[in-house]
Trainee: 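Following this message is one structure expressed as structure tokens.
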Amino acid sequence: MRLRTRIVIAAVSLISAASASAYVLTAGGEVTVSSACTPPASTPEYVAAYAPTVVIGTVTGPTRFIPDAGDPSTGVQEATFTVEKTLKGPQQRDLDLSQSVTRTAQGTYTTAEPLYQPLATGQRYAVAVLDRAQDGGRWVWGAERAPDETADERWTSAVAAKAILPTATCDDTRTITSTPDPAQGSGSR
């Protein structure tokens, strides 16, 4: 008797799952689930610990914005960075950097993190750089204006701290889900 009950429960579950899948397919909607799990970037110590290269210098080349095909208000900003001081990693003179940014209505750029400031031509920054190249450039992991020696000391101390990053548990995962609009129907009447 118990085997028969289990078979019935399994059959009902299978039919329910198939019905839900059929609804999604016939509703003409799109189901998208995406998530990201990244190491902490809340302090200069964490940013410096994760990045293999940390430098201080000035954005010397013009920045250019390459819009994302799916959302033109977001994209990649590219800039040339002249290194004054290398705090971590190999000595370098100029770096071609890529940075993910959002374009504002005023034509400026913004980011969500305080230690990931958009690079601006002529400004001096402490920059944590990932060694993953894209088209010859490298990705910015963290950037903070460094107008004076105080900022230099802050980032020198951050590198010297050799912070131990917590184990990634993905507790800070951001999940965005969109589901079909039932009001649109299946389109076949």
Trainee: Can you tell me which residue among Thr80, Leu97, Leu119 is in a side-chain contact (heavy atoms from CB on, under 4.5 Å) with Val59?
Mentor: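 The residue from Thr80, Leu97, Leu119 that satisfies side-chain contact (heavy atoms from CB on, under 4.5 Å) with Val59 turns out to be Leu119.
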Trainee: Residues in salt bridge (charged side-chain N to carboxylate O under 4.0 Å, His left out) with Glu45, at least two apart?
Mentor: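 So Glu45 forms no salt bridge (charged side-chain N to carboxylate O under 4.0 Å, His left out) with any residue.
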Trainee: Are Leu130 and Pro52 packed together at the side-chain level, in the sense that at least one heavy-atom pair is separated by less than 4.5 angstrom?
Mentor: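 The answer is yes, as the side chains (C-beta and beyond) meet within the 4.5 Å cut-off.
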Trainee: Shortest non-hydrogen contact from Leu115 to Pro44?
Mentor: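 Nearest heavy atoms, Leu115 then Pro44: CD1-N, 3.4 Å.
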Trainee: In Å and rounded to the nearest 0.5 Å, what is the OG1 to CZ distance from Thr108 to Arg103?
Mentor: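 That separation rounds to 9.0 Å.
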Trainee: According to salt bridge (charged side-chain N to carboxylate O under 4.0 Å, His left out), does anything in residues 115-129 pair up with another residue at least two apart or in another chain? List the pairs.
Mentor: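 Sorted result for residues 115-129: Glu84-Arg124, Arg124-Asp152.
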Trainee: Between Thr53 and Pro90, what is the shortest heavy-atom contact and its length?
Mentor: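 Answer, listing the atom of Thr53 first, then Pro90: OG1-CD, 4.1 Å.
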Trainee: Measuring from Thr104:OG1 to Tyr109:OH, what's the distance to the nearest 0.5 Å?
Mentor: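 Answer rounded to 0.5 Å: 9.0 Å.
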Trainee: Where do Tyr46 and Ile164 come nearest, in terms of heavy atoms and distance?
Mentor: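 Shortest heavy-atom separation between Tyr46 and Ile164 comes out as CE2-O, 3.9 Å.
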Trainee: Between Ala146 and Ala151, which heavy-atom pair has the shortest distance, and what is it?
Mentor: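 Scanning both residues completely, I find the closest heavy atoms to be CA-CB, 3.4 Å.
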Trainee: Once you round to the nearest 0.5 Å, how far does CZ of Phe81 lie from CD of Gln92?
Mentor: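 Between atom CZ of Phe81 and atom CD of Gln92 there are 10.5 Å.
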Trainee: For Thr156, check side-chain hydrogen bond (donor to acceptor under 3.5 Å, both in side chains) against everything at least two apart and list the hits.
Mentor: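 Checked Thr156 against side-chain hydrogen bond (donor to acceptor under 3.5 Å, both in side chains); zero matches.
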Trainee: Please walk me through it: do Val76 and Trp139 pass side chain to side chain contact (heavy atoms under 4.5 Å, CB included)?
Mentor: CA-CA 10 Å; Val76 175; Trp139 282 99; 3.5 Å; yes
Trainee: State whether the side chain of Tyr116 and the backbone N or O of Ser100 hold a donor-acceptor pair below 3.5 Å, judged by distance alone.
Mentor: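 Pair found, side chain donor or acceptor close to backbone of Ser100.
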Trainee: Once you round to the nearest 0.5 Å, how far does CD1 of Ile56 lie from CD of Glu149?
Mentor: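 So the CD1 of Ile56 and the CD of Glu149 are separated by 8.0 Å.
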Trainee: Which atoms form the tightest heavy-atom contact between Val101 and Pro118, and what is the distance?
Mentor: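 Scanning both residues, the minimum pair turns out to be CG1-CB, 4.4 Å.
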Trainee: Applying salt bridge (charged side-chain N to carboxylate O under 4.0 Å, His left out), name anything that partners Glu153, two or more places apart in sequence or on another chain.
Mentor: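 Glu153: no salt bridge (charged side-chain N to carboxylate O under 4.0 Å, His left out) contacts found.
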Trainee: Please give me the minimum heavy-atom distance between Val159 and Leu87, naming the atom from each residue.
Mentor: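 So the two residues come closest at CG1-O, 3.5 Å.
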Trainee: Under the side chain to side chain contact (heavy atoms under 4.5 Å, CB included) rule, collect the residues that match up with Gln117, sequence neighbours excluded.
Mentor: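 Scan of Gln117 (side chain to side chain contact (heavy atoms under 4.5 Å, CB included), adjacent residues dropped) gives Tyr125, Glu144, Arg145.
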Trainee: Identify each donor-acceptor pair in which a side-chain atom of residues 61-70 lies under 3.5 Å from a protein atom, sequence neighbours left out, and give them as a table.
Mentor:
| unit_1 | atom_1 | unit_2 | atom_2 | d |
| --- | --- | --- | --- | --- |
| Arg64 | NE | Glu78 | OE1 | 3.1 |
| Arg64 | NH2 | Glu78 | OE1 | 2.9 |
| Asp68 | OD2 | Asp71 | N | 3.4 |

Trainee: Report yes or no: does Thr82 contribute a side-chain atom to a donor-acceptor pair with the main-chain N or O of Thr60 at less than 3.5 Å?
Mentor: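 Checked: no pair found.
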